[in-house]
Amino acid sequence: VRVAEVDSIRTNANRYRWELILLGLIGLAVLWATRLSPYYLETAQLLNSSRTFVFTGIMALGLMTVILTGEMDLSLPSILAVCTVLLAKASAAAVPLPIAVAGIFAVAICLGALNGFLVAKLRLPALAVTLGTMGAYRGLAFIIGSEVGYTGFDDTYKYLGAKLMGEAEVPFMLPVFCVVVLLFVVVLHFTVFGRRLYAIGNNAPAVSYSGISVVRTKVFAYVLAAMTAALGAWIFIGQYGSARGDNANGVILAVLTSVVLGGVDINGGKGTVFGVVVSILFLWTLRNGMGLANIAGPIQQLIIGALLILSVLVSNFALSIRIRAKQ
Amino acid sequence: MNAAGMKTASRGQDLRLSIAANVSRNTLRLRVVSVFLSFIAVALVFAFTTQNFFSFQNIKIIAFNAALLTIVACAEAMVVLTRNLDVSVGSIIGLAGYVAAKFAAAYPASGVLIILVAISIGLAMGLINGLAVAYGRVPSIVATLGTLSIFRGITYIMGHGIEVPSGDLPKWMIKGADATVFGIPFIVLLAVCLVLVLSFLLRNVPLFRRVYAVGSNPAAAIFYGLRANRVVLFAYAICGALVGFAAFLYVSRVGTITVNLGRDWEMTALAAVVLGGVSTTGGSGNLLGVLFGALILSSIDNGLVLARAPEFWRMFIQGTAIVAAIAMDAGIERRIQKMFRHK
């Protein structure tokens with residue numbers, strides 16, 4: 001009875017309350033940043049700094065897909081690294097871009113499917129398994145690319161991540177990010193597959209009894225997540241112009257924070273793409289402000305880490321208050 | 001007659017269950033033996049492919065590294081046994097080690113107090129993790145991934161990028177790291193003693209046995225009347241304190257203590273725990289296995305260096321080993337569950 005009650009409270013609660021709170025927080029962060037530096041609100045500054053959130057943001061959407069089913073994938077940044085070094089190899093061998101991109105997507109799909117197979121088919125604990133594949137894939141990236149960085153990318157390879165469009169110098173990856181967001185809105189909120197993700201996160205046995213293959217859906221979720229890592233890799237090499245085995249090392253903190261802060265339930269079954277996008281924008285504003293305030297990298301990480309824990313604590317606390325109020 | 005029939009049936013049932021219990025106990029024992037055998041296999045492979053692997057000097061190096069790893073892995077195992085994770089142990093080593101080193105450099109005459117500083121900082125970090133997980137109901141991976149960067153950030157703020165050279169540390173710390181008893185490094189004896197004592201406690205003292213109870217079935221533990229929250233908090237506290245102690249030992253060994261001390265240790269510690277047969281779904285595993293797990297990893301590490309293989313192969317092997325060990329454990333667990341199932 002209690003579980004049902006909690007669920008009804010969850011669904012009855014204002015659906016977009018969390019997202020609205022986040023929007024308010026963005027407002028505050030913008031105010032703080034403009035006080036720090038008069039240059040903050042300049043279009044060029046905003047457009048230029050917007051490049052920093054794109055590849056982590058895209059991976060956050062991928063991770064969200066997995067978390068909605070109640071699982072976890074810590075290996076996404078490592079998959080990204082495998083893809084960047086593969087692109088480096090392809091570029092060095094003068095492989096045409098479409099083939100190279102098709103290649104990294106194929107590899108990413110395999111790596112994601114392996115994660116999915118281990119977690120969904122063999123029913124191994126997702127956390128520990130993807131912690132393992134995180135190390136294994138990272139090692140793989142180094143094995144493929146050795147420890148030497150590659151910077152000689154062909155311009156066609158870098159186009160996606162480096163091209164600035166028009167007078168205003170809008171980064172090309174910005175519209176790409178918007179398209180990806182739209183795709184995820186459609187896939188998660190308007191397709192059967194998307195509804196199944198939520199259903200599995202809420203009650204996997206029930207889904208299984210109604211004749212839907214939980215294993216297949218979860219594997220697809222992992223594959224989709226890995227594909228976002230591949231796309232992230234393509235953007236990454238253009239943005240930084242280099243590829244090395246340690247690319248995007250430690251980025252998982254920012255990616256996971258975007259997802260959890262965006263109101264996605266870490267136990268699955270709840271969360272919107274809108275929420276995640278808003279939280280990506282919030283983290284961007286915050287990071288941008290911290291950069292302008294000359295706050296060092298590790299301290300920025302500290303603040304992001306604190307935000308991650310606080311966001312779960314606050315939502316747990318709010319839930320327990322609502323349950324108590326109902327009793 | 002009916003009653004008699006039922007009696008024999010229940011006796012048959014009892015017998016079947018006791019056999020199943022026996023087999024499962026032996027299977028778990030076999031798990032530790034298999035870890036030991038794979039350690040032997042790894043050692044043999046390196047003995048044939050590299051020179052000097054079995055030289056006295058090299059064995060000492062391996063034992064040294066394995067000892068330190070064993071202490072951290074035992075700490076991690078305490079948390080894993082409760083069906084939680086702690087990925088912040090590397091950052092705890094960093095913070096506790098760095099502060100202890102600074103303290104030792106500033107007050108070289110403070111003696112044992114330095115150890116207490118390291119342990120109490122570790123304990124405090126462990127309590128923070130435990131409070132967030134047990135009482136804040138933050139999933140352990142989220143909480144400790146957060147504290148991973150929080151603790152590292154604090155170390156960074158305290159350090160201002162300044163390193164502590166080991167020359168600034170009191171002499172007894174440096175000497176203590178190399179001390180031997182009957183030719184065996186002191187630190188190795190320490191690690192073995194820790195494994196034995198902790199195993200004894202986990203087996204015989206109710207406070208510690210609860211760690212297994214909560215890990216194997218949290219709901220049942222609560223219905224039984226155990227305060228699961230407290231047990232989880234306790235496990236994190238022990239973990240933090242042990243890691244703090246390991247940080248002290250680590251500091252006395254490395255040349256320069258930087259704010260990056262202990263980075264990536266969480267992966268290695270977790271690998272040792274999982275390789276050693278501690279189930280990531282909690283409640284099962286023993287520390288002897290963890291000791292062998294640490295030995296395997298240290299041997300691989302050392303052997304790869306001797307074989308002049310690039311360092312990153314370690315990451316790949318470690319990760320793959322984690323996944324393989326988890327898959328194997330899940331297989332064993334399912335086999336045992338099948339045996340206990342009523343037909």
Side-chain angles (χ1 to χ4, degrees), chain A residues 72 74-75 78 114-115 118 122-147 245-246 249-250 252-254 256-257 259-260 266-267 296-317 319-320, chain B residues 80 83 85 87-88 91 128 132 135-157 159 161 259-260 263-264 266-268 270-271 273-274 279-282 310-327 329-331 334:
Chain A
M72 173 60 78
L74 300 174
S75 70
S78 302
L114 179 62
N115 278 338
L118 291 166
L122 300 186
R123 283 177 291 139
L124 305 180
L127 243 174
V129 164
T130 57
L131 203 66
T133 54
M134 176 178 95
Y137 295 168
R138 176 73 60 190
L140 189 66
F142 273 114
I143 291 168
I144 297 168
S146 83
E147 272 167 303
D246 62 354
N249 202 359
I252 190 66
L253 177 78
L256 187 63
T257 308
V259 177
V260 175
I266 193 88
N267 300 312
I299 300 171
Q300 291 192 21
Q301 293 278 90
L302 186 156
I303 293 168
I304 306 273
L307 264 178
L308 174 67
I309 297 180
L310 276 178
S311 61
V312 182
L313 273 179
V314 167
S315 73
N316 277 351
F317 188 62
L319 185 68
S320 72
Chain B
V80 175
R83 206 183 274 194
L85 281 179
V87 292
S88 72
S91 296
I128 292 173
Y135 291 93
R137 279 173 294 128
V138 182
S140 65
I141 183 71
V142 175
T144 57
L145 201 64
T147 53
L148 169 108
S149 52
I150 293 176
F151 297 160
R152 188 63 69 188
I154 295 172
T155 316
Y156 184 87
I157 294 172
V259 290
N260 280 325
R263 208 171 260 269
D264 293 335
E266 56 278 344
M267 267 292 280
T268 319
L270 202 73
V273 168
V274 175
S279 162
T280 46
T281 48
E311 202 250 347
F312 42 77
W313 272 97
R314 199 191 78 194
M315 251 185 285
F316 181 72
I317 293 173
Q318 233 176 52
T320 318
I322 291 181
V323 175
I326 294 169
D329 283 343
R334 237 155 262 162

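All of these numbers come straight from a predicted model, not from anything done at the bench. Any value given below was found using the heavy atoms of this structure, including those in side chains, with hydrogens, waters and symmetry copies removed. Throughout, a chain's letter reflects where its sequence line sits, starting with A, and its residues are numbered from 1.
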Could you report the tightest heavy-atom contact between [X] and [Y], atom names first, then the distance?
X	Y	result
B/Arg334	A/Arg123	NH2-O, 3.2 Å
B/Thr281	A/Pro125	CG2-CG, 4.2 Å
A/Ser146	B/Phe312	CA-CZ, 4.0 Å
A/Leu253	B/Ser149	CD2-OG, 3.4 Å

Name the option with the most non-hydrogen atom pairs under 4.5 Å to chain B; the candidates are [options].
options	value
A/Leu122, A/Val129, A/Leu127, A/Leu74	A/Leu127
A/Ser75, A/Ala141, A/Gly297, A/Gly135	A/Gly135
A/Ser320, A/Gly305, A/Gly245, A/Ser78	A/Gly305
A/Phe317, A/Tyr137, A/Phe142	A/Phe142

Does any backbone or side-chain atom of [X] lie under 4.5 Å from a heavy atom of chain A? Answer side chain, backbone, both or neither.
X	value
B/Ile150	both
B/Ile154	both
B/Thr155	neither

So which of [options] has the largest heavy-atom pair count under 4.5 angstrom toward chain A?
options	answer
B/Gly153, B/Pro310, B/Gly319	B/Gly319
B/Ile317, B/Asp329, B/Asp264, B/Leu145	B/Leu145
B/Ala325, B/Gly136, B/Gly331, B/Ala324	B/Gly136

Portion of [X] that has a non-hydrogen atom of chain B nearer than 4.5 angstrom:
X	value
A/Ile266	side chain
A/Glu147	both
A/Thr257	neither
A/Ile143	both
A/Leu307	neither
A/Leu256	side chain

Validation row: B/Thr147, A/Ile309 side chains within 4.5 angstrom (heavy atoms) |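 Yes - at least one pair of side-chain heavy atoms lies under 4.5 Å apart.
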Determine, stepwise, if the pair A/Thr133 / B/Val323 fulfils side chain to side chain contact (heavy atoms under 4.5 Å, CB included).
-> CA-CA 7 Å; A/Thr133 54; B/Val323 175; 3.9 Å; yes
Kindly write out the residues that satisfy salt bridge (Lys or Arg N to Asp or Glu O under 4.0 Å) with A/Asp246, not counting sequence neighbours, or none if the list is empty.
-> A/Arg244
Trace of the side chain to side chain contact (heavy atoms under 4.5 Å, CB included) decision for B/Ile157 with A/Ile299 = CA-CA 7 Å; B/Ile157 294 172; A/Ile299 300 171; 3.6 Å; yes
Residue among A/Leu124, A/Leu118, A/Leu131 satisfying side chain to side chain contact (heavy atoms under 4.5 Å, CB included) with B/Ile326 |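 Result for side chain to side chain contact (heavy atoms under 4.5 Å, CB included) with B/Ile326: A/Leu124.
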Can I get a per-line list of side-chain donor-acceptor pairs under 3.5 Å for residues 137-144 of chain B, giving both atom names and the distance, sequence neighbours left out?
from: B/Ser140; atom 1: OG; to: B/Leu85; atom 2: N; distance (Å): 3.0
from: B/Thr144; atom 1: OG1; to: B/Val87; atom 2: N; distance (Å): 3.2
from: B/Thr144; atom 1: OG1; to: B/Ser140; atom 2: O; distance (Å): 2.8

